[in-house]
Amino acid sequence: MTATRSVLSLNGIWSFKMQAAGDVIDPVAPLKTTEVMAVPASFSDQTANPEIRQHSGYFWYERDFTVPAALMDQRLSLRFGSATHEAWVFVNGTEVGHHKGGFTPFELPINDTVHAGTNRVTVKISNLLDHSTLPVGNYTETKDAAGNVIPHVDENFDFFNYAGLHRNVNLMATPWNRVEDVVITPKIDLATNSADVAVTVKSTAAATVKVTLLDENEAIVATAEGAENTIHLDHIHLWQPLNAYLYQARVELFDGDTLIDSYTEPFGMRTVAIDSGKFLINGKPFYFKGFGKHEDSYVNGRGLNEAVNVLDLNLLKKMGANSFRTSHYPYSEEMMRLCDREGIVVIDEVPAVGLMPDFNFDVSSAFKNNDNPFWSTVQTQAAHKQALEEMIGRDKNHASVVIWSIANEPATFLPGAHDYFEPLFKLARQLDPQDRPCTYINIMMSTPDRDNCSDLADLLTLNRYYGWYIQTGDLKAAAAAEEAELRAWQEKWPDKPIMFTEFGADTVAGVHSAYNEPFSEEYQVNYYDMNAKIFDKIDNFVGEQLWNFADFQTKFGINRVQGNKKGIFTRSREPKAAAIWLSRRWNGIPNFNYKK
Ligand code: BDP
């Protein structure tokens, strides 16, 4: 909302219908249903009907909304924070647009289909995934007795396939001639404590562009005119981990003296660089302490839950942590803004998860299989490019984002992986105006001798489960194997920083063992203790992000008891013993200069 723009929330209770086999639904007529769903949220855990929760296919949402007559002269659009995974949007029965990809926003103009007063919006949602989508799902079809196709998706990944209108839905009214994008790229000189801030404004009209930079007290620190500016600032305040400082760029379009549009974008000033095996933020070696997370909470499922976001960051800070990864998809815009404000360091990840032949928990099979033709059959390249464009397009200005993660645990030990990833790394580097480091999250079968892609990444971000999926329960053997692998990586790439982006052990809160038994709280503590001792021995080891912040929901399976239990908090955010142990460790580790 600005002086020239209105935003009206369409969150709330919507009508809802699962499209069962054989159902024909025509959006020209109002949806025939008595079911309702709250938005934003997954529908999955709001229903009491297991058939809806487990259904693969199509779902319909609908509600009325009012367009005030006073807004009818403006450009009207519907904006969805995300619709998971694919959506077709109809206004008063007419299709106004479509979007595929469940974790990034989209906006659809609706002037031609609305009138002042009451209107109807209908959204058809698909939760289907296959070998061309991100995330990757295993798609199969059967037929019922009447010959109707029954689709089925088996997640090729370890989290529940939550779906629905997951984030805010808004009616927006903007001027016809408007600001379309703002790109803010601060080039900082740490030695002189000054910056040249490049501000590029993309607008729909040839208008006079005015840019005003404001400090945290809303005092004006600089002004400039034109669509492309480089503004010099002295005596800058740096955005620091856990000590954020946010400036604002106010962008205004003028026609003569008349204000046509205005938009304000917050931004922070910090540098990110990699040098001699260190990860530098503002020129100093940073040590990542934190988590792989999920957008996952009771009832809301994967839906935006701002209270949980605030609690999670409060718990994170209390533990002495400083960072997390948006495993395994871009998180809400609200969470990204919160991280900017709270000084949380973020690894931002596209939904490229499941890029491996058959997701299962038998790690040994993949160690043997080195000739699977996976990369010549998978068809995700187009979706992957789109996901990178949309994530970097959305998140480019966030100070909190310091690394782009281009995939989680792709099968980089198989031939063809390098050809698949090379163009994606190139694209990410072209798209990012701030030249942040790029990486992929390396799976444990991709050891230094087997991995095909580590030359592409700026740093080594490893997921390792020594003592869990291998050497289960034997922390001594696990420690030896883990240390040997880390030393091999360091030798192979002496200038690349190494960090763990996952390591963890399933732990059922309340289970105890005098014998250090896996699944007990004691084992989880000892597992982290073992890992910490290794990390502290490796010079280029720059961070530990464990798996996972909290227990989270997964598909049904014999390896999961109501979900993945590797949280150091339960799903309701109660600490397990490991959370207390890790708080002590992390509160004793400074954010900077931990490794000499
Ligand atoms: C890794 C995945 C993550 C899983 C985790 C686990 O990146 O999504 O949840 O392991 O098995 O394979 O707990």
Distance-only donor-acceptor check, side chains Asn168 and Glu334, under 3.5 Å: yes
I would like to know whether Tyr528 and Phe503 meet ring-ring contact (aromatic ring centres under 6.0 Å, His included); could you show each step before the answer? CA-CA 9 Å; Tyr528 282 119; Phe503 61 117; 5.2 Å; yes
Can you check whether Pro105 reaches Phe80 side chain to side chain, under 4.5 Å on heavy atoms? no
Would you say CD of Glu141 has more than 12 non-hydrogen atoms from neighbouring residues, nucleotides or ligands within 6.0 angstrom? yes
Return yes if a side-chain donor-acceptor contact under 3.5 Å exists between Ser572 and Glu574, otherwise no. yes
Salt bridge (charged side-chain N to carboxylate O under 4.0 Å, His left out) between Lys396 and Asp432, worked out: CA-CA 6 Å; Lys396 57 187 178 283; Asp432 182 17; over 6 Å; no
Is the distance from the ring center of Trp14 to that of Phe65 below 6.0 Å? no
Sole candidate of Leu355, Ile441, Thr380 that passes side chain to side chain contact (heavy atoms under 4.5 Å, CB included) when paired with Pro410: Leu355
Where is the tightest heavy-atom contact between Thr104 and Arg167, given as atom of each residue plus distance? N-NH1, 4.4 Å
Please verify the inter-ring angle class for Tyr523 with Tyr527; under 30° counts as parallel, over 60° as perpendicular, anything in between as tilted. tilted
Thr133 and Lys100, any side-chain heavy atoms less than 4.5 Å apart: yes
Take a 6.0 Å sphere around CD of Glu517 and say whether it holds more than 12 heavy atoms from other residues, nucleotides or ligands. no
Kindly compute the distance separating OG1 (Thr94) from CD1 (Ile110), expressed to the nearest 0.5 Å. 11.5 Å
Exercise: identify the closest heavy-atom pair between His55 and Asn127: O-ND2, 2.9 Å
Do you know which two heavy atoms are closest between Leu171 and Thr66, and how far apart they sit? CD2-O, 3.9 Å
Distance-only side-chain donor-acceptor flag, Glu35 / Ser15, under 3.5 Å: no
Are the side chains of Val353 and Tyr329 in contact, using a 4.5 Å heavy-atom criterion? no
Does atom CD of Gln562 have more than 12 heavy-atom neighbours from other groups under 6.0 Å away? no
Go through Glu482 and Arg464 one step at a time and tell me if the salt bridge (charged side-chain N to carboxylate O under 4.0 Å, His left out) criterion holds. CA-CA 8 Å; Glu482 182 169 311; Arg464 291 298 180 272; over 6 Å; no
Between Trp375 and Phe421, is the ring centroid distance below 6.0 Å? yes
Between Phe16 and Phe43, is the ring centroid distance below 6.0 Å? yes
Quickly, which of Lys318, Lys293, Lys317 forms a salt bridge (charged side-chain N to carboxylate O under 4.0 Å, His left out) with Asp312? Name it, please. Lys293
Is the distance between the ring centroids of Phe324 and Phe549 under 6.0 Å? no
Backbone N/O of Ala579 and side chain of Ser583: donor-acceptor pair under 3.5 Å: yes
Any Lys/Arg nitrogen of Glu333 or Arg79 sitting under 4.0 Å from an Asp/Glu carboxylate oxygen of the other? yes
Distance only, no hydrogens: is a donor on one side chain within 3.5 Å (strictly under) of an acceptor on the other, for Glu86 and His99? no
Before you tell me yes or no, could you show the steps for Glu349 and Arg325 under salt bridge (charged side-chain N to carboxylate O under 4.0 Å, His left out), namely the whole-Å CA-CA distance, both residues' side-chain angles and the distance that decides it to 0.1 Å? CA-CA 7 Å; Glu349 183 161 286; Arg325 172 169 60 117; 2.7 Å; yes
Do we see a donor-acceptor contact under 3.5 Å between the side chains of Ser132 and Gln379? no
Does either side chain, that of Thr461 or that of Thr439, offer a donor lying less than 3.5 Å from an acceptor on the other one? yes
Taking all heavy atoms of Val96 and all of Pro109, pick out the closest pair and write down the distance. CB-O, 4.2 Å
For Ser446 and Thr412, test the side chains for any donor-to-acceptor distance below 3.5 angstrom and give the result as yes or no. yes
Side-chain donor-acceptor pair under 3.5 Å between His398 and Asp340, yes or no? yes
Step by step, work out the side chain to side chain contact (heavy atoms under 4.5 Å, CB included) result for Tyr465 and Glu502. CA-CA 8 Å; Tyr465 288 92; Glu502 283 186 30; 2.5 Å; yes
Taking all heavy atoms of His418 and all of Asn452, pick out the closest pair and write down the distance. CD2-O, 3.1 Å
Would you kindly say whether Thr113 and Asn92 are connected by a side-chain donor-acceptor distance under 3.5 Å? no
Result for side-chain hydrogen bond (donor to acceptor under 3.5 Å, both in side chains) between Lys566 and one of Asp506, Asn548, Asp158 points to Asp506
Any chance you could measure Ile392, atom CD1, to Leu427, atom CG, to the nearest 0.5 Å? 7.0 Å
Is it true that Phe569 and Phe552 have ring centroids separated by less than 6.0 Å? no
Give the intermediate values and the outcome of side chain to side chain donor-acceptor pair (under 3.5 Å) for residues Glu522 and Ser513. CA-CA 7 Å; Glu522 287 76 12; Ser513 164; 5.7 Å; no
Say you draw a straight line from CD1 of Ile347 to OG1 of Thr326; how long is it, rounded to the nearest 0.5 Å? 9.0 Å
Evaluate the criterion side chain to side chain donor-acceptor pair (under 3.5 Å) for residue pair Thr570 and Asp551; output intermediate values, then yes/no. CA-CA 5 Å; Thr570 62; Asp551 294 346; 5.6 Å; no
Applying the ring-ring contact (aromatic ring centres under 6.0 Å, His included) test to His294, which of Tyr331, Trp547, Phe160, Tyr162 qualifies? Trp547
Between the side chains of Tyr440 and Asp451, is a donor N or O closer than 3.5 angstrom to an acceptor N or O? yes
Measure the CD-CG distance between Glu107 and Leu78 for me, rounded to the nearest 0.5 Å. 9.0 Å
Are side-chain heavy atoms of Thr122 and Val89 found at a separation under 4.5 Å? no
Is the closest side-chain donor-acceptor distance between Asn463 and Glu409 under 3.5 Å? yes
Looking only at the side chains, is there a donor atom on one of Gln524 and Trp581 sitting less than 3.5 Å from an acceptor on the other? no
Arg120/Glu62 salt bridge by N-O under 4.0 Å criterion: yes
Can you tell me if Lys576 uses its side chain to pair, donor with acceptor, with the backbone of Glu521 under 3.5 Å? no
So do Glu306 and Leu338 actually touch side chain to side chain, heavy atoms under 4.5 Å? no
What do you reckon, is CZ of Arg573 surrounded by more than 12 foreign heavy atoms closer than 6.0 Å? yes
Kindly indicate whether the side chain of Gln545, heavy atoms from C-beta on, has any atom under 4.5 Å from the side chain of Ser327. no
Quick check: Phe103 with His166 (ring centres under 6.0 Å apart)? no
Closest non-hydrogen atom pair, Lys124 against Gln19: CE-OE1, 4.2 Å
